[in-house]
2 protein chains.
Amino acid sequence: MTSSDYHRQNLRGTLLELAEQTVRTVGVEALSLRQLARDAGVSHAAPARHFRDRRALLDALALAGFERLGASIDAAAAGEGPFAVRFRDAAHAYVGFAVENAELLGLMFTIKHEEGASAELVETARRGIESIVALLARGQGEGEVAPGDPERLAQVVFATVHGVALLVTGGLLDGTTASDLTDSAVDVLLRALPVPSGEGARAALAEG
Amino acid sequence: MTSSDYHRQNLRGTLLELAEQTVRTVGVEALSLRQLARDAGVSHAAPARHFRDRRALLDALALAGFERLGASIDAAAAGEGPFAVRFRDAAHAYVGFAVENAELLGLMFTIKHEEGASAELVETARRGIESIVALLARGQGEGEVAPGDPERLAQVVFATVHGVALLVTGGLLDGTTASDLTDSAVDVLLRALPVPSGEGARAALAEG
DNA sequence: ACCTGAACACCGTTCAAGT
DNA sequence: ACCTGAACACCGTTCAAGT
C-alpha cells in the first residue's frame, strides 16, 4: 500500500496535515496547492474537490489553530489554583503556542480581516477572548479583580498577551526570553487588575 | 507629457507609490510586480532594475511604514505636557496609524521574521521600541514611573499597544471603538507603571 | 544606465471526461 | 462521488538585445 493509496481515503485531512507542515517549514507564502497535490500523490486538480480555493484551505488551517489555542488556554485557565496562578498559566499557554506555531499564528490573525472571511473562523477567534472574559469574571467573583466590564478588561489582557506573542515571533526581543517577557507583562497586569485593598492576588503572585 | 514619460524619471518612487495604493486597496497578497509595471506604463521586466525581487519591494514599503510610524510616535511622545498625557498621546498615535494603515502594518510585522530580512528594516523597527524606552526613562526621571529596567517596561508597553492595534485591525472588537480600547489599555498601564506613593500620574490622567 | 521582449518554470482555477 | 488531463490566464525572474 503506497502512501497515495492510503491518503486517497481521506485526501482532505492529508492535505491539511501536509499544509501545516509546509507552513511550518517554508511559510504561508510558499504554500502552493499544486505542490501539496504532488506531495499527496494526486493530480493538481484534486484539492479543488475539498477546498474551493487556496484561501479556503488556509481558513481551515487557521480554524484548527484557533481550536488548539483555545483548548490550551482553557486548560490553563480552568485550574483550581489561585487567580493569579491561573492567569499566569493562561498567558504562558498563549505565548507558548505562539512560539511553537509562529507562522500559523500569523496566518490565524491575518486571514480574518480579508473580505469574506468565514464566519466560523471569526466566531472561533472570538471565543478565545470569551475564555479570558470568563477567567476575569471569575476573578472578580473571588474578589481578586477590581469590578468593571470584564469584556473590556479581557480585551486589554488579550491585547497585551497577543502583543507579547508577536514581539516574540517577530524577533524584536533582543536577548529577553519569551517566558521572561510574558512574566513581566503578567506582573504589570496583576499590578493593575486587583482591587487596591486586596492583597490576595499579590500574595498568590509571589508564590506562583 | 504622458504619465509614463513622467514616471520614467523616477520609476522606483512611482512603483513604491503605486504599491502602497495597491496594498491599501486590494492587499499585499494581490500585489503583483507585473501589474505594477503595467500601471506605471513600463515593461514587466523594468521593476527588476529597482527591486531585486518582490520581497525587496515589500521591504522598502515596510521600511517607509516604520519611518512614518516612528515619526508619529516621537512627535506625540516628545511633547511638553505631563507624562501621562504624552504617554496616552503616543498610544493613540500608534493605534491611529494602525487604523489608517491596517494592511501596511500587517506587512510591516510579518516581513521581518522571514529568512534574510534586511538588517535596515529590523533596525528601524527596533528604533520604535527605543522611542518608548526613552519616554519611560524620562517618566522615571520625573518620578512618574516606578524604577526598573525601562527596556523591559517598554517591551510590555509596546506589546500592549501593538496588541490593541491588531485587535482593532483584526476586527475582533465587537462594538468597542479603537480609541476607547486604547484608553482602557493606557488606563491599565498607568495604574501599573507609577510608583505606588506618587499621585502625579493619576492626577494627570484625570485631566488628560 | 536603463528599459524591452522573449523565454522559462511555475502558479490557481475551471471543466469535460473518465472510473 | 471523486479524480484526471488539458487548457487558460496569470505569475516572478532572467537575460540577450536594444537605445
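Convention: sequence-line order gives letters A, B, ...; per-chain numbering from 1. Since the structure is predicted, the reported quantities are computational estimates derived from the model, not experimental observations.
Take Arg86(B) and apply the salt bridge (charged side-chain N to carboxylate O under 4.0 Å, His left out) test, not counting sequence neighbours, and it matches Glu142(B). By the salt bridge (charged side-chain N to carboxylate O under 4.0 Å, His left out) test, Arg24(B) is found to be paired with Glu20(B), residues two or more places apart in sequence or in another chain being considered. The salt bridge (charged side-chain N to carboxylate O under 4.0 Å, His left out) check on Glu151(A) picks up nothing, with sequence neighbours excluded. Scanning for salt bridge (charged side-chain N to carboxylate O under 4.0 Å, His left out) contacts around Arg126(A) gives Asp174(B), with sequence neighbours left out.
Side-chain contact check for Gln155(A) versus Ser184(B): every heavy-atom pair is 4.5 Å or farther apart. Residues Leu31(B) and Leu57(B) meet the side-chain proximity criterion, which asks for heavy atoms closer than 4.5 Å.
Computed from coordinates, the Asn10(A) CG to dC3(D) C1' distance equals 15 Å when rounded to whole Å. Taking atom NE2 of residue His50(B) and atom P of nucleotide dC2(C), one finds them 7 Å apart after rounding to whole Å. When the P atom of dA1(D) is taken as reference, atom CZ of Arg12(A) falls 18 Å away, rounded to whole Å.
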So if I define the base as every atom that isn't primed, P, OP1 or OP2, how would nucleotides 5-13 of chain C read as a B/S/- string at a heavy-atom cutoff under 4.0 Å? BBB---BBB
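Judged by distance alone, the side chain of Asp180(B) and the main-chain N or O of Thr176(B) form no donor-acceptor pair under 3.5 Å.
When ring centroids are compared, Phe66(A) and Phe109(A) come within the 6.0 Å threshold.
Counting only Watson-Crick and G-U wobble pairs whose two key distances fall under 3.5 Å, DNA chain D forms stems of three or more stacked pairs at C:4-8 with D:12-16, C:12-16 with D:4-8.
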